[in-house]
S.K.: 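Take this structure, written in structure tokens, and hold onto it; I'll ask about it next.
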Amino acid sequence: MKFDFVFSGRLVFLLIIWTVLTAMIGFRGTYTDFVKLKHVPGFDTKPAISLPIKPDFSKINDVNRKKKEFFEYLSPYIEEANKEVLQVRSNLLRISKAANNGKLSGKDSIYIKTIASTYRSPKYIVDEKDLIDDLLKRVDVIPVSLALAQAANETAWGTSRFAIKGNNYFGIWCFSKGCGIVPHKRGGGETHEVAKFASPAESAVYYIKQLNSHNNYQLLRELRAQARVSGEPMISGADLAGGLESYSAIGMQYVASIRSIIRVNKLNKFDFAIQ
């Protein structure tokens with residue numbers, strides 16, 4: 001069979017495309033050891049806000065000023081990530097209403113299955129109405145007060161090398177070699193690393209997805225759902241902290257520490273009314 005030399009040019013083009021795709025897959029793999037980050041309609045890891053210059057918190061000696069700048073720097077990223085979650089939740093509420101009226105479209109069915117995969121709904125839930133109910137417990141906001149308190153705790157107010165070098169504000173681990181930053185105090189035989197993120201925005205998105213999808217935080221989601229059912233004016237970060245026992249090896253001591261940070265710094269002012 002005779003081959004035209006034009007084919008070599010096409011081969012080069014295909015090799016370039018393959019290289020780009022391989023790089024993209026490797027980049028996304030950095031964050032996929034705990035929760036698979038998938039694009040879903042109405043949800044994106046790219047921030048819609050402008051990116052401010054990251055302060056050097058280690059050089060701020062005044063404690064009150066350091067805390068103020070830390071909260072002001074990080075809160076917009078958390079709020080933006082929550083807005084994206086609320087958009088998906090709004091879609092689910094619309095679909096839930098349509099399902100109750102017997103008007104669930106094929107497009108809606110595909111949508112909820114996509115969201116269910118992203119948020120790790122149990123595979124044994126096959127009824128679409130039951131699946132929507134499960135998703136409405138998962139796809140919801142994380143109080144800004146809770147996120148800020150955890151970020152302060154996990155990064156020593158933004159001074160940890162994981163925050164500085166890896167934009168990791170929430171102590172998120174990954175388990176593939178080279179996926180993040182190796183902790184200095186990692187024990188023998190342990191393989192985890194502290195995940196690296198391209199921006200604080202991606203760190204906030206991942207953190208919220210983690211709490212909303214992992215089995216370890218089912219209690220947190222139940223507490224949040226109860227707050228909605230009971231008609232609470234807002235979802236309290238201090239209350240939801242009770243579902244974080246599995247976030248740290250110190251268990252309830254960690255919960256107490258997070259609640260203390262919220263209380264001492266009056267972080268409930270960052271929380272907003274239930275939407």
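Basis for what follows: all heavy atoms, side chains included, without hydrogens, waters or symmetry-related copies.
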S.K.: Where do Arg138 and Pro122 come nearest, in terms of heavy atoms and distance?
M.R.: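 So the minimum-distance heavy-atom pair works out to NH2-CD, 3.5 Å.
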S.K.: Distance-only, no hydrogens or angles: does the Arg120 side chain make a donor-acceptor pair with backbone N or O of Ser213 under 3.5 Å?
M.R.: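 Absent.
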S.K.: Please examine the side chains of Thr155 and Phe162, heavy atoms only from C-beta on, and report whether any two atoms are closer than 4.5 Å.
M.R.: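 In short, these two side chains do not touch, never coming nearer than 4.5 Å.
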S.K.: Taking the side chain as every heavy atom from C-beta outward, state whether Tyr111 and Val88 have any atom pair closer than 4.5 Å.
M.R.: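 Of all side-chain heavy-atom pairs linking Val88 with Tyr111, at least one is under 4.5 Å.
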S.K.: State whether the side chain of Asp62 and the backbone N or O of Asn64 hold a donor-acceptor pair below 3.5 Å, judged by distance alone.
M.R.: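 It does hold such a pair.
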S.K.: Where the side chain of Ser203 meets the backbone of Tyr169, is there a donor-acceptor pair that is under 3.5 Å apart?
M.R.: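 Yes; judged by distance alone, with no hydrogens or angles, the pair exists.
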S.K.: Suppose we screen for side chain to side chain donor-acceptor pair (under 3.5 Å). Which residues come up paired with Ser121, at least two apart in sequence or across chains?
M.R.: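 Asp134.
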S.K.: Verify the neighbour count for atom NZ of Lys54: are there more than 12 heavy atoms of other residues, nucleotides or ligands below 6.0 Å?
M.R.: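 For Lys54, atom NZ is crowded (more than 12 foreign heavy atoms under 6.0 Å).
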S.K.: Side chain of Glu202, backbone of Phe197: donor and acceptor closer than 3.5 Å?
M.R.: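 No; judged by distance alone, with no hydrogens or angles, the pair does not exist.
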S.K.: Excluding sequence neighbours, so at least two apart, what forms ring-ring contact (aromatic ring centres under 6.0 Å, His included) with Tyr247?
M.R.: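 Scan of Tyr247 (ring-ring contact (aromatic ring centres under 6.0 Å, His included), adjacent residues dropped) gives Tyr217, Tyr254.
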S.K.: Measure from the side-chain N and O atoms of Asp239 to the backbone N and O of Leu223, and report whether any donor-acceptor pair falls under 3.5 Å.
M.R.: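 Side chain of Asp239 to backbone of Leu223: no pair is present.
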S.K.: Yes or no on side-chain contact (heavy atoms from CB on, under 4.5 Å) for Glu193 and Val182, after CA distance, side-chain angles and deciding distance?
M.R.: CA-CA 5 Å; Glu193 299 180 14; Val182 178; 3.9 Å; yes
S.K.: Got a sec, which pairs hit salt bridge (charged side-chain N to carboxylate O under 4.0 Å, His left out) with one end in residues 107-119, sequence neighbours left out?
M.R.: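 Pairs touching residues 107-119 that pass the test: Arg94-Asp108.
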S.K.: Would you mind checking if Glu232 and Arg228 are paired as a salt bridge, meaning a charged N to carboxylate O distance below 4.0 Å?
M.R.: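 Looking at Glu232 together with Arg228, the answer is no, because their closest N to O distance does not fall below 4.0 Å.
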S.K.: Answer yes or no: is there an ion pair linking Asp140 with Arg221, defined by an N-O contact shorter than 4.0 Å?
M.R.: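 A salt bridge is absent here (no side-chain N lies under 4.0 Å from a carboxylate O).
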S.K.: Do you see a donor-acceptor pair shorter than 3.5 Å between the side chains of Asp271 and Ser145?
M.R.: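 Per modelled atom types, Asp271 and Ser145 side chains form a pair under 3.5 Å.
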S.K.: Quick check: is Val194 connected to Ile164 through a chain of hydrophobic side chains (ILVMFWY, heavy atoms under 4.5 Å apart)?
M.R.: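 No.
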S.K.: Ring centroid separation for Phe70 and Trp157, is it under 6.0 angstrom?
M.R.: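 Yes; Trp157 has its ring centre under 6.0 Å from that of Phe70.
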S.K.: Do side-chain atoms of Asn100 reach the backbone of Ser96 as a donor and acceptor pair under 3.5 angstrom?
M.R.: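 Yes, Asn100 side chain to Ser96 backbone: donor-acceptor pair under 3.5 Å.
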S.K.: Which atoms form the tightest heavy-atom contact between Cys174 and Ala195, and what is the distance?
M.R.: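 Taking every non-hydrogen atom into account, SG-CA, 3.7 Å.
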S.K.: Does any N or O in the side chain of Arg65 come within less than 3.5 Å of the main-chain N or O of Ile60, such that one atom is a donor and the other an acceptor?
M.R.: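 Checked: no pair found.
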S.K.: May I ask you to test the Ile132-Leu93 pair for a side-chain heavy-atom distance under 4.5 Å?
M.R.: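 Of all side-chain heavy-atom pairs linking Leu93 with Ile132, none is under 4.5 Å.
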S.K.: Give the C-alpha distance, both sets of side-chain angles, the deciding distance and a yes or no for side-chain contact (heavy atoms from CB on, under 4.5 Å) between Lys209 and Tyr119.
M.R.: CA-CA 7 Å; Lys209 291 283 289 296; Tyr119 281 84; 3.5 Å; yes
S.K.: Given side-chain contact (heavy atoms from CB on, under 4.5 Å), test Asn268 with Ser236 step by step and report yes or no.
M.R.: CA-CA 7 Å; Asn268 58 317; Ser236 165; over 6 Å; no
S.K.: Please check if any side-chain donor atom of Asn168 sits under 3.5 Å from a side-chain acceptor atom of Lys196, or the reverse.
M.R.: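 There is no such pair (donor and acceptor under 3.5 Å, judged by atom type) between the side chains of Asn168 and Lys196.
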S.K.: If the condition is side chain to side chain donor-acceptor pair (under 3.5 Å), which residues does Asn212 pass it with, not counting sequence neighbours?
M.R.: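 Side chain to side chain donor-acceptor pair (under 3.5 Å) list for Asn212, sorted by chain: Arg224.
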S.K.: Per the side-chain contact (heavy atoms from CB on, under 4.5 Å) rule, which among Leu240, Leu146, Ile142 passes with Ile235?
M.R.: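 When side-chain contact (heavy atoms from CB on, under 4.5 Å) is applied between Ile235 and each of Leu240, Leu146, Ile142, only Leu240 qualifies.
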S.K.: If you count every heavy atom of other residues, nucleotides or ligands that lies below 6.0 Å from Glu190 atom CD, does the total exceed 12?
M.R.: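 Correct, the count exceeds 12.
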S.K.: Evaluate the criterion side-chain contact (heavy atoms from CB on, under 4.5 Å) for residue pair Asp133 and Ile125; output intermediate values, then yes/no.
M.R.: CA-CA 10 Å; Asp133 289 341; Ile125 303 178; over 6 Å; no
S.K.: Counting only N and O atoms by type, is there a donor-acceptor contact under 3.5 Å from the side chain of Glu128 to the main-chain atoms of Ser109?
M.R.: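 Pair absent, no side-chain N/O of Glu128 close to backbone of Ser109.
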S.K.: With distance as the sole test, does Ser117 use its side chain to make a donor-acceptor pair with the main-chain N or O of Thr114 at under 3.5 Å?
M.R.: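 No; zero donor-acceptor contacts below 3.5 Å.
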S.K.: List the residues meeting side chain to side chain contact (heavy atoms under 4.5 Å, CB included) with Lys68, not counting sequence neighbours, and say none if there are none.
M.R.: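 Only Glu72 meet the side chain to side chain contact (heavy atoms under 4.5 Å, CB included) criterion with Lys68.
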S.K.: Ignoring hydrogens and geometry beyond distance, is a side-chain donor-acceptor pair present between Tyr207 and Gln150 at under 3.5 Å?
M.R.: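 Tyr207 vs Gln150: donor-acceptor pair found between side chains.
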S.K.: With Lys177, which residues qualify under salt bridge (charged side-chain N to carboxylate O under 4.0 Å, His left out), at least two apart?
M.R.: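 Lys177 satisfies salt bridge (charged side-chain N to carboxylate O under 4.0 Å, His left out) with no residue once adjacent residues are dropped.
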S.K.: Give a yes or no on whether the backbone of Ser246 and the side-chain of Asn216 come within a donor-acceptor separation of less than 3.5 Å.
M.R.: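 No: the side chain of Asn216 does not pair with the backbone of Ser246.
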